[in-house]
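In what follows, a single structure is set out as structure tokens and then discussed.
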Amino acid sequence: MFKMKSYCKASAPGKVILFGEHFVVYGEPAIAVAIDLRVKVTAYKSQTTFIEGFRTTLVDKALAIALKAVSSKRENVHVKIESNLPISVGLGSSAATASAIIAAIAGLFEVKLSKDELFKMTLECEKTVHVNPSGIDPAVAVNGGAILYQREVGAKPVKLLEDFTLVVGNTGERRSTGVMVEKVRAFAEKRTDVMECLRKTYLSTVLRALKALEEGDLEELGLLMNVNHGLLEALGVSNFKLNKLVYASREAGALGAKMTGGGGGGCMVALVPKERLKFVVEGIKQAGGEPIVAPVSRIGVTYED
Ligand code: PMV
């Protein structure tokens, strides 16, 4: 895969969570899909180490972890980050950025990383974003496609139907995943009995969703996405803007719609029959959101020429 080179390019996809954000932090299984909005990183050998693009603590951490992995603390790299993935809106930009940086630097120094190594390193970087990441974002960035993910178990691929059309609606409201995870922790700590019931209901929902995916029953899948949205509402992580986009999508003919990612702003996702696509796109616009028709990315982190 690697040639002797003075630079290496790698890219990683964003994601939407179809089932299980927040519940996955508590050990429940979740379903996520990689989307073809990508973070592209080019790493060059250089006289000094510097980052072109946006610099955050996560980017610094990814750089440090990657340089340690290639045992080249004294080597310098110039890292260029380009992205068409909106940041801080629940589309997995942190994991995509970290995994692409690590892969590009490893590639530059011809160090081969397994998927599992790259996952673990990306997860370390995610800890700069919030203290208790479940690992779902790194898992989907590294693997691509659709995955069933559970803490302590890892990622398993899930088969998607060809006519699986998702529309993302971006409220444009940036928020911190860490703050939302903390909000759920405080909710759950005070009401362990309520949390237990919500988790139980969520588990039944996601197990039915897996069956619906296997059977190609998109109507059932959409309905279950609506149920999942209701549970996230109960946890207190949706908000008025997200709900507006969710309801606008359903009104416009989506089979189901829910917030996706940490919530408190950010994005929602709708499962849409092809013939209703333009209506849902228009509905999201009318409700004040930015619609993104996001094709599924079958590939995770990859090297580019
Ligand atoms: O980073 P976001 O906003 O896409 O959220 C990731 C999903 C959470 O369940 C909220 C957090 C996690 O680590 O699983």
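Indexing begins at 1, ligand by ligand and atom by atom, following the structure's order.
Looking at atom 9 (O) of ligand 1, its nearest protein heavy atom turns out to be H22 N, 2.9 Å. Of the protein's heavy atoms, I17 CD1, 3.6 Å lies nearest to atom 7 (C) of ligand 1. When hydrogens are left out, the protein atom nearest atom 14 (O) of ligand 1 is S134 OG, 2.5 Å; that is the closest non-hydrogen contact. Counting only heavy atoms of the protein, atom 5 (O) of ligand 1 lies nearest to G262 N, 3.4 Å. In terms of protein heavy-atom proximity, atom 3 (O) of ligand 1 is closest to R175 NH2, 2.5 Å.
Side-chain atoms of R38 and N84 include no donor-acceptor pair closer than 3.5 Å. With no hydrogens or angles considered, a side-chain donor-acceptor pair links N243 and S238 at under 3.5 Å. Side-chain contact check for N132 and E182: no donor-acceptor pair (N or O, by modelled atom type) lies under 3.5 Å. Side chains of S134 and R151: a donor-acceptor N/O pair is absent below 3.5 angstrom, by distance only.
The shortest distance between side-chain heavy atoms of K120 and E124 does not fall below 4.5 Å.
Put simply, CG on L63 and NZ on K68 are 14.0 Å apart, with the number rounded to the nearest 0.5 Å. Atom-to-atom distance recorded for T177:OG1 and D137:CG is 7.5 Å, nearest 0.5 angstrom.
No cation-pi contact links R199 to Y202, judged by a cut-off of 6.0 Å to the six-membered ring centre and 45° from its axis.
With a 4.0 Å heavy-atom cut-off, ligand 1 is reached by the side chain of K15 but not by its N, CA, C or O. Within the 4.0 Å heavy-atom criterion, neither part of K127 lies near ligand 1. With a heavy-atom cut-off of 4.0 Å, D137 touches ligand 1 through its side chain alone. Contacts between T260 and ligand 1, counted as non-hydrogen atom pairs separated by less than 4.0 Å, are absent for every part of the residue.
Salt bridge status for E189 with R185: present, with a side-chain N to carboxylate O gap under 4.0 Å. A salt bridge is absent between K61 and E126: the closest approach of a Lys/Arg side-chain nitrogen to an acidic carboxylate oxygen does not fall below 4.0 angstrom.
Nearest-heavy-atom check against atom 2 (P) of ligand 1 across T177, L232, V181, V184 picks out T177.
Close contacts of ligand 1 with V24, meaning ligand atoms under 4.0 Å from a residue heavy atom, involve 9 (O), 14 (O). Residue-ligand proximity, E21 to ligand 1, at heavy-atom distances under 4.0 Å covers atoms 9 (O). Under a 4.0 Å criterion applied to the non-hydrogen atoms of I136, ligand 1 contributes the atoms 14 (O). Every atom of ligand 1 with a heavy atom of V25 under 4.0 Å away is listed here by number and element: 9 (O), 11 (C), 12 (C), 14 (O).
Contact annotation: H130 has at least one heavy atom less than 4.0 Å from an atom of ligand 1.
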